[in-house]
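The next block holds one structure in the form of structure tokens; read it before the comments.
Letters A, B, ... are given to chains in the order of the sequence lines, protein chains preceding strands, and every chain is numbered from 1.
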Protein chains: 2
Amino acid sequence: MEVYEDIFAKFLAKKGLKLTQPRRYILEEVFEMHTHFNVEELYDRIRSKTSKISMATVYRTIPLLLEAGLIQRADRSEGRERYEHILGHPKHIHWVCKNCGALWETDFNSLYPALIKRAQDLKFKPDDIELTVKGICWKCNTNDNENQSDEK
Amino acid sequence: MEVYEDIFAKFLAKKGLKLTQPRRYILEEVFEMHTHFNVEELYDRIRSKTSKISMATVYRTIPLLLEAGLIQRADRSEGRERYEHILGHPKHIHWVCKNCGALWETDFNSLYPALIKRAQDLKFKPDDIELTVKGICWKCNTNDNENQSDEK
DNA sequence: TTTATATTGTTAATGATTCTCAATATAAAG
DNA sequence: CTTTATATTGAGAATCATTAACAATATAAA
């Protein structure tokens, strides 16, 4: 049994809920995907393997996975929420280029301890950390020299 | 003329757009509100002062204000996006308690330079920074001692 | 078995956001 | 003061992700 399955099972049991087959399919697929995903993508991928799943169940399972700390909200794209699994993916920073739309990630590194200390000062027990930085990537910045003209 | 009006006017002019009366109403109200707001709340508040505004215009103006750097997305609550104005409110951290729903903010302080350095290493020109930490606040943590029993 | 409860899929409902379009304002140029 | 071209608006319709309702089914305990 995978570690995430164990975690989810215990989480559900504690709430008097069951680790059913549909929930197992969802869980497996979530951890087979190593990119951000939205609910429909998740559903489609499971659907390509089995028909024993419905959209509603996927929607219903997302909040459970969030609460269990197995996934986190990543961003929102084209009007849809996107998620990513967490295990093996330490909390990280999302960098989004507002010009070309490129997205990449780095880990927290030196920022992490500082943030944790900050939380301790506030007596806050952190759970999900979501850090997104939007701006212009180096590539677009280099190609955009014509816009430098109106700098004061 | 307020500084934000000046900024918005220049931003619009650069795009060949105009600072019209409805846009002025929206801008004013945004900077009179010192909490997170969603589009409907914004619309209602303007509506209580004048009828010369429509929901569609508010929706249409939000992306302009975002792009102009006058507001930023704060969070999403009850299925709605929420925003906040930026001027005079330096980038900050949102702390959200998953138990009682309390939300408060602190500024970046020591985290900020580290993040900026990180951006420089990546040759990334940051613009919007959005840091949300979800977890349990000290108050809920203290009241929840019965849950400590299953700690390993 | 029986019983009580959780779960599911289907389908309908909700509701925030976006789109359409005709009417109107605006600013520049004669 | 016109004319012209373009940006803007409000009203309402359309979209579409997400939720809710509900009847049928699975599950686990007694």
Side-chain angles (χ1 to χ4, degrees), chain A residues 5 8-30 36-68 71-83, chain B residues 5 8-30 36-68 71-83:
Chain A
E5 199 169 318
F8 199 35
K10 280 183 180 142
F11 167 81
L12 291 170
K14 196 178 285 186
K15 306 195 75 165
L17 306 178
K18 295 153 194 167
L19 181 50
T20 60
Q21 199 52 54
R23 283 176 181 159
R24 237 184 271 267
Y25 288 138
I26 294 166
L27 190 60
E28 266 174 38
E29 198 57 50
V30 159
H36 297 175
F37 59 88
N38 61 40
V39 171
E40 197 180 4
E41 284 162 0
L42 180 54
Y43 170 75
D44 286 345
R45 288 186 57 140
I46 299 169
R47 203 56 207 266
S48 73
K49 298 176 182 172
T50 174
S51 64
K52 295 190 176 9
I53 194 75
S54 79
M55 199 74 147
T57 298
V58 181
Y59 268 109
R60 277 188 288 237
T61 304
I62 291 288
L64 294 173
L65 292 169
L66 282 170
E67 200 185 338
I71 64 174
Q72 65 186 332
R73 189 178 161 284
D75 58 11
R76 160 168 271 256
S77 176
E78 289 157 17
R80 292 157 182 214
E81 296 291 335
R82 297 209 299 172
Y83 307 89
Chain B
E5 199 169 318
F8 199 35
K10 280 181 179 143
F11 166 83
L12 292 170
K14 195 178 285 187
K15 306 195 74 161
L17 306 178
K18 295 152 195 167
L19 181 50
T20 60
Q21 199 51 53
R23 282 176 183 160
R24 238 185 270 266
Y25 288 138
I26 294 166
L27 190 61
E28 266 174 38
E29 197 57 49
V30 158
H36 298 176
F37 58 88
N38 61 39
V39 171
E40 199 180 2
E41 284 162 0
L42 181 54
Y43 170 76
D44 285 346
R45 289 186 56 138
I46 300 170
R47 202 56 207 268
S48 73
K49 298 176 182 171
T50 175
S51 64
K52 295 188 175 14
I53 194 73
S54 79
M55 198 73 147
T57 299
V58 180
Y59 267 108
R60 276 187 289 237
T61 304
I62 290 288
L64 295 173
L65 292 170
L66 282 170
E67 200 185 338
I71 64 173
Q72 65 186 334
R73 189 179 162 285
D75 58 11
R76 159 167 274 255
S77 177
E78 288 158 19
R80 293 157 179 211
E81 296 291 336
R82 297 208 300 172
Y83 307 90

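- E78(A) has its CD atom 13 Å from the P atom of dT18(C), to the nearest Å.
- Counting heavy atoms from C-beta outward, Y25(B) and K52(B) have side chains that approach closer than 4.5 Å.
- Boundaries of the chain B contact region on DNA chain D are dA7(D) to dA11(D), first to last in 5' to 3' order (nucleotide atom under 4.0 Å from a heavy atom).
- dT20(C) atom P lies 17 Å from atom OH of Y59(B), rounded to whole Å.
- The partner of dA25(C), taking Watson-Crick or G-U wobble pairs whose two distances both stay under 3.5 Å, is dT6(D).
- Nearest-nucleotide mapping onto DNA chain C: of T20(B) and R76(B), the residue sitting toward the 5' end is R76(B).
- Among all heavy-atom pairs drawn from K18(B) and L12(B), the shortest one is O-CD1, 3.6 Å.
- Across all strands shown, K52(B) has heavy atoms under 4.0 Å from sugar-phosphate atoms exclusively, and none from any base.
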Tabulate atom names and distances for all N/O pairs under 3.5 angstrom spanning the protein and nucleotides 10-15 of chain C.
none

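- Rounding to the nearest 0.5 angstrom, the gap separating the OG1 atom in T57(A) from the CE atom in M55(A) is 11.0 Å.
- If you check every strand for non-hydrogen atoms under 4.0 Å, E81(B) touches sugar and phosphate atoms only.
- Minimum interatomic distance between L17(A) and R23(A) (heavy atoms only, all atoms of both residues): CB-NH1, 4.1 Å.
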